[in-house]
Amino acid sequence: MNQRIEKLQTWMRDHDVEVSFVTSSENVFYLSGYYTDPHERLLALAVFQEQEPFLVLPSMEVHDAKNSGWEHEIIGFSDIDNPWDLVEKAIQQRIKKVSKAAIEKEHMNVERYEQLLGLFPHAVFVSAEEKLRMLRMIKDEKEIATIQEACALADYAIEFGASELKEGKTELEVLNALEYALKQKGVTEMSFSTMVLSGANAASPHGNPGTTRIQKGDLVLFDLGVVVDRYCSDITRTVAFGDINDKQKEIYDTVLKAQLAALEASKPGVTAAEIDLTARRIIADAGYGEYFPHRLGHGLGISIHEYPSLTETNPLVMETGMVFTIEPGIYVPNVAGVRIEDDVLITSDGAVALTKYPKELQIIKN
Ligand code: MN
Ligand code: MN
């Protein structure tokens, strides 16, 4: 049994959970090593305290799942099978009665829950999500190396995007060029929809790139991430296209100061809240508190948002192996939007930024 499943089994024994029925692509991948998105078809990994786990997935994927290294049973179902009959049989072969089952409550849909209720009529259902989030929060060496690779490609994308800025080009044209350049390098997937936002558009924290043309004196915000072997990176850089005014500079300098201070404050033993507040106080003291409307950052890995969540109230203590973003921003409508985001790894004596594109204001004069 792999160590991740063993850790889940230890938790199950401690909490008298007889079966964990894991259904999200991300958690199935984390535990089994096999990733698939079967859309509306069923995907599940059933884990027991002692008995052999099994995967259930569309039969056309059985071959790939075996090749992924999964050594335990795989139950394939065709489009005319009822997968729940097969699940029932496989569970009955292993255990007779289920009184407590763990499921991903935030992921499970009602139809599947009703199927499980039919299979385990006397069971109490508890959430497996919190435990899986805590397991995924601490990355091993291989995960860190993969994220580093994703970060290096994100750095490249920012550099390429900045070099593509030209007066009159649209946000979408720049976006297209940088994603094309990534595909040329073999990147198959972005972590989320790439953002290239210029001028007033950058003042919206979750704006949509469009046909706005880039003009001299704009701040241009790039927010993007690259997926490598299922692991995400996430970087934001805001660059100046031509010379910007003093107000824009002041906002940029404030965000940079907050970002660097939060990075400096990140180390084992401090809480997520302390790190968030380190940045938040700097922004508030500069008079921009109301223009920083989101948390400081989020964990990332297989998912673009995972634990730890860096909010001003989270008492969670930092530990070696955590990977998360530090991304303060100031968004003043019609004036400027600036965000600077690094992916950061907690090490034994501090933290290192895994994204490395320069953070001093880059003034692009293409
Ligand atoms: Mn981002
Ligand atoms: Mn982010």
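We count ligands from 1, going down the list as the structure has it; atoms in each ligand are counted the same way.
Between the side chains of Asp234 and Ser191, no donor-acceptor pair of N or O atoms lies under 3.5 Å. Side-chain contact annotation: Glu290 with Tyr331, donor-acceptor N/O pair under 3.5 Å absent.
Here the two rings, on Tyr357 and Tyr156, have centers that are 6.0 Å apart or farther. A distance of 6.0 Å or more separates the ring centres of His122 and Phe120.
Under 2.8 Å from the Mn ion (ligand 2), one finds the following protein N/O/S atoms: Asp234 OD2, His298 NE2, Glu327 OE2, Glu341 OE2.
Aromatic ring pairs are classed by plane angle as parallel below 30°, tilted from 30° to 60° and perpendicular above 60°; the pair Phe29 and Tyr35 is perpendicular.
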Quick one, Glu129 with Lys105, criterion salt bridge (charged side-chain N to carboxylate O under 4.0 Å, His left out). Give me CA distance, side-chain angles, the key distance, then yes/no.
CA-CA 7 Å; Glu129 262 134 349; Lys105 291 194 174 186; over 6 Å; no

